[in-house]
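Please read the structure below before turning to the comments.
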Amino acid sequence: MKYETQKIALAYFAVAMALFAIQVLGGLIAGYVYVFPNTLSELVPFNILRMLHTNSLIVWLLLGFFGAAYYLVPEEAEREIESPMLAYLQLAIFVLGTLGVVVTYLFDLFNGNPFLGKDGREFLEQPYWVKLGIVVAALIFLYNISMTVLKGRKTAITNVLLLGLWGIAIFFLFSLYNPKNLVLDKMFWWYVVHLWVEGVWELVMASILAYLMLKMTGVDREVVEKWLYAIVALSLFTGLLGTGHHYYWIGTPAYWQWIGSIFSSLEILPFFAMVLFTFTMVWKRKREHPNSAALLWSLGCAVLAFFGAGVWGFLHTLHFVNYYSHGTQVTPAHGHLAFFGAYVSLNLAIITYAMPQLLGRTPYNQVLNMVSFWVMSGAMAFMTFTLTFAGIVQTHLQRVRGENFMDVQDQISIFYDMRLLSGVIVVIGAFLFIYSVFVPRSGEVIAKTGVAPAE
Amino acid sequence: MSKTPTKSYYPSRRALILTWAVLMALTIGTMLAGRVTTVTTLGPGLLAVLFLVTWAKAGLILRQYLNLRTVPAAADVMMFLIALMLVVVTSLYMLAR
Amino acid sequence: MWDALTKSAARNIFYGGSAFFLVIFLGLTVHSCNYAQSTSTDEKGLNAAVINGKHTWERHACINCHTLLGEGAYFAPELGNVWKRYGGLKDPQGARETIKAFIKSQPSGTPGRRQMPNFKLTDKELDDLVSFFEWTSRINTQNWPPNDAG
Amino acid sequence: MQHEQKEAAPQPASDAGETDTLAGSWGILSTLPGHPMMWILIVSEILVFGGAFIAFAGTRLADPELFRASQDHLDRLAGAINTMVLLTSGLCAALAVNAMAEAKVHIARRWLAAASALGVVFLAVKMVEYSTKLGAGLTPTANSFFTLYYLTTGFHALHVIAGILILAIVSWKASLETIEIGTTFWHMVDLVWVLLFPVVYLMR
């Protein structure tokens with residue numbers, strides 16, 4: 001760690017990890033309700049549980065991105081962050097908003113109030129005041145990071161990262177717009193959801209991966225940055241019009257069926273390029289970085305994103321397939337592995353890389369960290385398979401044979417039992433991870449000055 | 001393989017004009033094979049001719065206009081990709097006659 | 001083949017290409033908005049009851065159990081076609097009453113059965129919600145879902 | 001030559017830290033003419049259009065008779081003329097690079113202008129085609145054939161427009177590198193049409 005203000009990342013990562021714990025626990029309880037439906041049904045119904053599960057996921061991933069930006073931008077720009085005070089203020093706003101969200105959801109406060117009450121569009125349920133807070137926090141963040149970059153050295157990594165972060169903020173503005181016409185509502189809802197996860201988030205992902213590769217493999221910056229441009233070009237060339245795969249059945253024109261099918265089939269390319277990139281870099285590496293756990297997470301991220309986002313996305317993206325599979329368990333199967341592979345793993349990779357340096361220690365609890373990778377990844381893969389099978393059976397019974405939804409759900413309950421089991425293991429993996437990054441191994445030799453940053 | 005573009009790296013003016021002339025001739029071939037002025041359907045023979053003429057035109061554009069003749073391996077890859085696409089399309093046409 | 005390839009060219013191609021696709025996407029969005037308002041939905045039928053019904057739907061985060069046009073959670077049935085499923089096309093009054101009665105009867109408390117909370121909706125809210133379902137069922141969704149099961 | 005090329009393309013100040021001298025860092029892509037990023041775009045576009053053509057032929061399976069009847073409404077002659085227009089315009093573009101390699105900027109610009117002008121002719125013919133079709137009530141929603149017809153040809157026409165813009169930009173910022181990159185895009189648009197014409201207009 002060369003710059004004092006990189007420390008800001010520590011606070012962000014800590015809050016992110018706390019929310020990560022809440023997220024997986026929320027998911028676990030929701031998975032439990034699938035198997036034992038009467039659980040908590042009066043106290044915290046399923047819809048509230050799911051909101052907590054998805055919202056905490058989104059917020060912690062974003063906090064991870066912010067933390068990653070605060071960590072890597074000083075090194076890239078070769079100067080301190082413009083204003084650490086603003087960075088902490090931004091975090092404070094996020095924490096306040098998050099607490100507000102949790103309390104509002106759990107106790108169903110201010111129901112119906114347009115400013116204080118929850119706003120029940122999927123993933124965008126945050127009360128209006130929280131949304132505004134997010135916008136303010138995002139503006140603070142963008143000011144802070146943009147100024148740092150503008151006054152410092154410009155690299156392709158910071159360029160792409162900034163573009164991605166600006167995109168996140170700009171597309172989030174569509175969450176403030178809720179048209180009365182349901183079709184328009186859904187169209188612009190995807191402006192946030194799709195253009196985030198299959199658009200600008202990929203820019204953030206690629207640039208953070210590029211940074212990690214640069215630091216850990218010692219391959220020339222030139223090489224890394226060209227790969228970066230190639231990857232992000234593929235992401236946006238395919239991902240923007242790939243939005244069409246959400247516009248098949250929501251009252252939008254029929255031409256989206258072809259635009260969506262063709263472009264989103266190609267959305268696998270950037271993920272494939274990321275796999276090629278990470279493995280080529282590791283193969284051509286010029287040094288052995290001491291933090292093998294971070295390397296494992298980086299490689300795992302590329303591979304799991306390729307399968308989760310790429311392959312599992314392609315499985316049901318062609319419109320004549322999607323006609324039958326749309327809105328079945330096939331979607332959560334894809335969603336779980338895509339989010340875990342692409343964005344959870346990415347955050348865990350940068351956290352694994354940065355933590356030892358932020359805390360001034362050599363990589364510690366590496367083996368435990370790597371164990372947590374295999375535990376979590378294995379369990380997520382298993383969860384994906386169970387949900388995929390559930391989805392296929394559901395598609396057949398419900399969409400082809402026309403059986404009633406609840407009857408079909410009863411017939412696929414075995415898959416939900418198995419999913420609960422894999423959920424338990426994911427939670428164990430998550431806690432192993434959190435323990436491994438925060439708590440040093442007893443008797444471990446801890447360097448006083450920390451590891452020398454690899455560059 | 002030259003690392004710095006020199007004049008001889010690009011096709012000569014003469015070669016380009018010749019390429020253009022051949023492309024025009026092949027387009028007339030496309031028009032004949034595709035029976036541009038009539039409504040009749042094309043038999044497998046004409047479809048095959050159309051396929052070959054189109055593939056040849058793509059090859060000329062790639063090798064001369066796009067200068068892929070300097071990287072034969074890349075030209076081969078592109079030609080294979082295009083052939084593959086044309087084969088799939090032509091076979092689908094043959095399937096539903 | 002260049003000794004010095006400029007990275008600014010790489011960046012410009014990336015920006016230019018992305019802008020190209022973004023412009024197309026925005027153009028198609030504009031067209032789709034017009035299409036939604038003129039063709040695929042009953043824009044005129046978007047009265048106060050339907051709008052209030054949509055708010056009721058959002059206020060209680062219904063989408064976090066149900067799906068609507070296939071989007072949402074997958075815990076409870078699809079409601080984009082619930083109007084049709086309950087026979088609203090043939091007997092609107094009967095369908096309306098049945099849906100309202102169902103919502104009011106929740107939670108069933110049946111062991112081992114998924115539970116829908118009781119949202120303590122007023123009669124007007126219930127009516128508006130059903131109006132929203134009825135309006136939604138008339139959206140041209142390119143014949144999705146494949147059957148009444150949703 | 002190298003010297004001139006650097007003079008012709010001055011780097012903006014903000015790129016100070018961003019110029020690289022390692023052509024080899026693109027790996028195998030470095031050997032391609034033009035810019036490696038342009039080839040990434042070209043391959044993506046070939047895949048997109050290839051996907052569209054396969055979709056076209058695949059959808060035809062469901063109702064060959066409808067496709068045949070609809071296809072007969074297309075103006076095959078106009079398509080053929082447009083093929084020749086684009087191929088000629090491709091020659092102009094290639095000659096522009098040729099002139100630039102001899103450092104004749106003015107001649108290169110003239111060839112680029114000629115290429116763009118032919119691009120405009122192409123668009124004009126296309127507009128006539130579209131207006132005739134639309135006038136006859138053959139809109140994108142008429143049937144699956146016309147949906148795909150408008151999608152593929154319209155998407156291609158947008159590339160022509162983008163191409164004209166790119167040719168204008170590289171003519172303005174003329175250097176051997178920029179002109180080679182710009183004409184690479186133009187030839188790609190040409191190539192796509194050469195594939196599109198037989199698939200959409202002729203095969204039957």
Side-chain angles (χ1 to χ4, degrees), chain C residues 1-46 68-71 80-81 84 89 135-150, chain D residues 1-3 5-6 8-26 29-42 44-45 48 140-141 147 150-151 154-155 157-159 161-163 165-166 169-170 173 175-182 184-185 188:
Chain C
M1 46 142 269
W2 294 92
D3 282 339
L5 273 168
T6 46
K7 208 179 300 157
S8 59
R11 196 190 52 202
N12 291 343
I13 295 169
F14 162 59
Y15 285 159
S18 303
F20 176 68
F21 288 106
L22 185 65
V23 166
I24 295 177
F25 180 61
L26 294 177
L28 290 171
T29 302
V30 171
H31 177 265
S32 297
C33 284
N34 288 334
Y35 173 86
Q37 285 173 309
S38 67
T39 313
S40 65
T41 66
D42 176 16
E43 179 77 10
K44 278 194 201 117
L46 205 54
L68 194 63
L69 307 186
E71 294 168 359
N81 66 343
K84 201 170 155 228
L89 297 182
W135 184 87
T136 302
S137 75
R138 285 187 280 117
I139 295 174
N140 175 1
T141 54
Q142 313 290 345
N143 295 321
W144 193 90
N147 55 49
D148 279 356
Chain D
M1 190 56 52
Q2 195 54 37
H3 180 67
Q5 184 256 330
K6 270 187 180 156
Q11 289 298 306
S14 66
D15 284 335
E18 268 216 62
T19 316
D20 66 85
T21 47
L22 274 167
S25 53
W26 282 102
L29 291 180
S30 308
T31 56
L32 293 171
H35 197 284
M37 280 287 281
M38 205 40 108
W39 282 96
I40 289 172
L41 181 68
I42 291 180
S44 315
E45 297 277 15
V48 165
T141 49
T147 304
Y150 282 104
L151 273 184
F155 192 50
L158 288 173
H159 280 81
I161 295 171
L165 243 121
I166 290 171
I169 293 170
V170 300
K173 300 254 176 201
S175 76
L176 186 53
E177 191 196 13
T178 54
I179 290 184
E180 198 178 333
I181 292 173
T184 303
F185 182 85
M188 183 267 287

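Computation of the quantities below employed the complete heavy-atom set of this structure, encompassing side-chain atoms and omitting hydrogens, waters and symmetry-equivalent molecules. Bear in mind the structure is a predicted one, so any value in this text is a computation, not a measurement. So that the names make sense, note that chain A is the first sequence line, chain B the second, and so on, each numbered from 1.
Closest approach of C:A9 to D:E177, counting heavy atoms only: CB-OE2, 4.4 Å. Of all non-hydrogen atoms in C:I13 and D:M37, the two that sit nearest each other are CD1-CB, 3.8 Å.
Against chain D, the residues from residues 17-26 of chain C that qualify, each with a non-hydrogen atom under 4.5 angstrom away, are C:F20, C:F21, C:I24 in number order.
Only the side chain of D:I181 comes within less than 4.5 Å of a heavy atom in chain C; its backbone stays farther off.
Qualifying ring-ring contact (aromatic ring centres under 6.0 Å, His included) partners for D:F155, counting only residues two or more places apart in sequence or in other chains: A:F263, D:F49, D:H159.
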